[in-house]
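Report on the structure given below.
As the structure is a computational prediction, the values presented were derived from the model and not from experiment. Because only heavy atoms are used, hydrogens play no part in the values below, and waters and symmetry mates are left out as well, while side chains stay in.
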Amino acid sequence: MITLLIIEDERSLRESMVSYLEPGGYRCITAGTYHEAMKAIDRYDYYCVVVDLNLPDGDGLKIIRLLKENQAKCGIIVISARDTLNDRILGLQTGADDYLVKPFDLSELNARIQSVIRRTRYTGQNYVIFRELIMDPEGKTAVLNGEQLELTRKEFDMLMYLITNKNRVITKDAIAEHIWGDSIYGTDYTEVVYTHMKNLRKKLQAKTGIDWIQTVYGSGYRITEES
Ligand code: CA
């Protein structure tokens, strides 16, 4: 599972981050103090640590230094009310990957976390990230919410095609042509596309609880970042 460590002493903010991030498939470990953070640091191999600089019993910058020494692949995002340029530079110089000034939108935090994980874990590779899904076009594998998503080759191609054309309506004709090419001509592909799409949706829904793919009646299908 993709595990995050949230270090923030302000309880309501900490809890709102967790309740926003957990439905996205992350496991969130929390620490409300420097001391708690120190204990939590070695418990998991974290994909990303979100750390507040001002903690009642210590400095978040020290935590960053320690993380850089011990968890090289862990992304680090500083969240702080210290919005002076100096603090920002200091945070990034210490090894943080990103810096978010309070108050911030949780959706913005989520986007930054995804981007940091992409950079620190999947550098140099062309992974496609969509919502809680990471797709590897070369290996034809997909990971959803940190777990392998078993797809047939056709389902994989279909999903990739929808994602690369997200927010647009894709017709059954376009899908058929893209996936099956010329071999589709002369056959009734409507049913074939429908069946593969149905199975793909079922698999996504089983893991997310949501139907990611919208049917646009009479036109085709569409996938969007939110549904
Ligand atoms: Ca604080």
Flag side-chain contact, heavy atom, 4.5 Å: [X] against [Y]:
X	Y	result
Met1	Tyr44	no
Ile64	Leu53	yes
Met135	Leu149	no
Val193	Trp180	yes
Ile63	Leu55	yes
Ile76	Lys68	yes
Tyr26	Ile117	yes
Leu21	Leu109	yes

State plainly whether one hydrophobic cluster holds both [X] and [Y], where clusters connect Ile, Leu, Val, Met, Phe, Trp and Tyr through side-chain heavy atoms under 4.5 angstrom apart.
X	Y	value
Val101	Val49	yes
Met197	Val216	no
Phe104	Ile113	yes
Val169	Leu162	no

Which value, rounded to the nearest 0.5 Å, describes the distance between [X] atom [atom1] and [Y] atom [atom2]?
X	Y	atom1	atom2	value
Asp173	Ser219	CG	OG	11.0 Å
Lys198	Leu200	NZ	CG	12.5 Å
Ile223	Leu159	CD1	CG	5.5 Å
Ile170	Ile175	CD1	CD1	7.0 Å
Glu15	Ile6	CD	CD1	12.0 Å
Leu204	Ile210	CG	CD1	10.5 Å

Assess the side chains of Arg65 and Thr94: does a donor N or O sit below 3.5 Å from an acceptor N or O?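 The criterion, which ignores hydrogens and geometry beyond distance, is not satisfied for Thr94 and Arg65.
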Can you find a side-chain donor-acceptor pair between Tyr34 and Asp9 that sits under 3.5 Å?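 The criterion, which ignores hydrogens and geometry beyond distance, is not satisfied for Asp9 and Tyr34.
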Crowding at [atom1], [X] (>12 non-hydrogen neighbours, <6.0 Å):
X	atom1	answer
Lys73	NZ	no
Lys203	NZ	yes
Tyr194	OH	no

Nearest non-hydrogen partners of [X] and [Y], listed with the distance:
X	Y	answer
Lys207	Asn145	O-ND2, 3.5 Å
Asn167	Glu225	OD1-N, 4.1 Å
Arg131	Gln114	O-NE2, 3.1 Å
Ala40	Tyr46	O-OH, 2.7 Å
Pro23	Val18	CD-O, 4.2 Å
Leu151	Ala142	CD1-CB, 4.3 Å

Salt bridge flag under 4.0 Å for residues Arg14 and Asp52: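 No, this pair does not count.
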Do Arg112 and Asp97 sit within salt-bridge range, that is, some charged N less than 4.0 Å from a carboxylate O?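 Result for this pair is no, no salt bridge flagged.
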Chi angles and distances behind the side chain to side chain contact (heavy atoms under 4.5 Å, CB included) call for Ile163, Leu133: CA-CA 10 Å; Ile163 288 173; Leu133 177 73; 3.7 Å; yes
Please work out which of the three classes, parallel, tilted or perpendicular, describes the rings of Trp212 and Phe130, given edges at 30° and 60°.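 Geometry flag for Trp212 against Phe130: perpendicular rings.
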What's the verdict on side chain to side chain contact (heavy atoms under 4.5 Å, CB included) for Thr208 and Leu144, showing C-alpha distance, side-chain angles and the deciding distance? CA-CA 8 Å; Thr208 62; Leu144 180 57; 3.7 Å; yes
